[in-house]
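All figures in this text were calculated on a predicted structure; none of them were measured in a lab.
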Amino acid sequence: MNILLIGSSGRLGSAVHTALADRGHKVLTAGRTSGDFRVDLTDPSSVAALYESIGAVDAVASAAGTVPYKTIREMTADDYAAAYDGKVRSQVELVRQGIHRIAPTGSFTLITGILARTPIATGTAASLANGAVEAFVRAAAVEIAPQRVNAISPTVFTEALDAYGDHFPGFPAVDLADVAQAYVRSIEGVQTGQIFALD
């Protein structure tokens, strides 16, 4: 397959890129500052330009999304708007604009996270954004068939425990290689409207 991977330079994106390439797929990479193509996912016109540049693909996979982490007393209206733009609208635009660009039986794989299911302190924006993306996936799957859309929803990465472990006390960690395999399952499989949780 020809697969567009957004956010390939990060920890997760690098693991997904390796997993897909190892299975013989051609992976086109895109990011804000690195990759084969440049894109600002928070700007719908930039997403449109990306799709114009790459032409038709079989699948789109997102490993990108940013949200602020602050206590709710520190959060501002702009912080919540940034979470929406950085993780929800950005990925919704990949699907909304991409349904006319991917193969008739192609797929989208988005990224959410465990905070949609289990909250932590300072995580209200992430919980809000992840939950919104997961609700969108379930609803969009109904409308875009036979194209497919799923979300990958992991807990904290084993490889990131040094930086984020204190924020997830007692949470089991998941290896990036296992998360990358969930992307393979979503892209090469037949399921749609699914949230692949890795707790």
Side-chain angles (χ1 to χ4, degrees), residues 3-13 16 28-54 56-57 59-70 72 74-102 106-117 119-120 122-145 147-154 179 182-183 186-187 192-197:
I3 301 170
L4 171 63
L5 174 61
I6 312 293
S8 60
S9 64
R11 274 193 182 104
L12 174 58
V16 173
L28 305 173
T29 60
R32 186 185 295 268
T33 59
S34 63
D36 301 319
F37 300 91
R38 296 289 176 270
V39 64
D40 177 359
L41 289 183
T42 65
D43 179 357
S45 65
S46 181
V47 175
L50 172 64
Y51 277 126
E52 286 289 338
S53 297
I54 65 168
V57 292
V60 176
S62 173
T66 59
V67 296
Y69 285 86
K70 299 178 184 178
I72 194 168
E74 297 171 311
M75 290 289 288
T76 66
D78 286 344
D79 288 327
Y80 285 112
Y84 173 78
D85 287 341
K87 195 157 193 182
V88 184
R89 185 173 77 160
S90 57
Q91 296 193 96
V92 167
E93 282 299 300
L94 284 175
V95 176
R96 186 184 72 82
Q97 296 192 42
I99 55 178
H100 306 294
R101 301 288 186 171
I102 70 167
S107 70
F108 300 92
T109 303
L110 309 183
I111 183 67
T112 66
I114 194 172
L115 299 189
R117 303 181 296 285
I120 62 169
T122 74
T124 59
S127 292
L128 176 78
N130 290 341
V133 173
E134 293 184 9
F136 169 77
V137 162
R138 293 187 183 98
V142 175
E143 294 192 30
I144 70 171
Q147 293 173 334
R148 299 180 301 106
V149 57
N150 298 302
I152 311 302
S153 185
V179 182
Y183 275 82
S186 174
I187 293 167
T192 190
Q194 300 299 303
I195 312 302
F196 295 116

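- Thr33 meets the side chain to side chain contact (heavy atoms under 4.5 Å, CB included) test with no other residue; sequence neighbours excluded.
- By the 4.5 Å heavy-atom criterion applied to side chains, Thr109 and Val16 are not counted as neighbours.
- How far CZ of Phe37 is from CG of Leu5: 12.5 Å, rounded to the nearest 0.5 Å.
- Between the CD atom of Glu93 and the OG atom of Ser62 there is a distance of 12.5 Å, given to the nearest 0.5 Å.
- Closest non-hydrogen pair, Ile102 versus Ser107, comes out as CD1-N, 3.5 Å.
- By the side-chain hydrogen bond (donor to acceptor under 3.5 Å, both in side chains) test, Thr124 pairs with Tyr80, sequence neighbours left out.
- Not counting sequence neighbours, Arg11 has no partner by the side-chain hydrogen bond (donor to acceptor under 3.5 Å, both in side chains) test.
- Tested against Val133 for a side-chain contact (heavy atoms from CB on, under 4.5 Å), the candidates Ile111, Leu110, Leu128 yield a single pass: Leu110.
- The shortest non-hydrogen separation linking Ala125 to Met75 is CB-CE, 3.5 Å.
- Shown here are the side chain to side chain contact (heavy atoms under 4.5 Å, CB included) partners of Ala116, two or more places apart in sequence or in another chain: Asn130, Glu134.
- Nearest heavy-atom pair across Tyr69 and Ala126 is OH-CB, 3.6 Å.
- A pairwise comparison of heavy atoms in Phe108 and Leu94 identifies CE2-O, 3.4 Å as the closest pair.
- For residues 35-54, the salt bridge (Lys or Arg N to Asp or Glu O under 4.0 Å) pairs, not counting sequence neighbours, are Arg32-Asp40, Glu52-Arg101.
- Take Tyr84 and apply the side chain to side chain contact (heavy atoms under 4.5 Å, CB included) test, not counting sequence neighbours, and it matches Val88, Arg89.
- Rounding to the nearest 0.5 angstrom, the gap separating the CD atom in Gln97 from the OG atom in Ser45 is 8.5 Å.
- The side-chain heavy atoms of Leu12 and Tyr183, taken from C-beta on, include a pair separated by under 4.5 Å.
- Under the side-chain hydrogen bond (donor to acceptor under 3.5 Å, both in side chains) criterion, Thr192 pairs with no residue at all, not counting sequence neighbours.
- With rounding to the nearest 0.5 Å, the separation of OG in Ser8 from CD1 in Ile3 is 12.5 Å.
- Listed by chain and residue number, Thr112, Val137, Ile195 satisfy the side chain to side chain contact (heavy atoms under 4.5 Å, CB included) test with Ala151 (two or more places apart in sequence, or in another chain).
- At a threshold of 4.5 Å between non-hydrogen side-chain atoms, the residues Val47 and Leu41 count as touching.
- Across all their heavy atoms, Ala83 and Ala129 have their closest contact at O-CB, 4.0 Å.
- Among all heavy-atom pairs drawn from Val39 and Ala30, the shortest one is CG1-CB, 4.0 Å.
- Each of Asp79, Thr122, Thr76 was evaluated against Lys70; a single residue qualifies, Asp79, per the side-chain hydrogen bond (donor to acceptor under 3.5 Å, both in side chains) test.
- Among residues two or more places apart in sequence or in another chain, the side-chain hydrogen bond (donor to acceptor under 3.5 Å, both in side chains) test is passed with Ser34 by Ser9.
- With values rounded to the nearest 0.5 angstrom, Ile144 atom CD1 is found 13.5 Å from Arg96 atom CZ.
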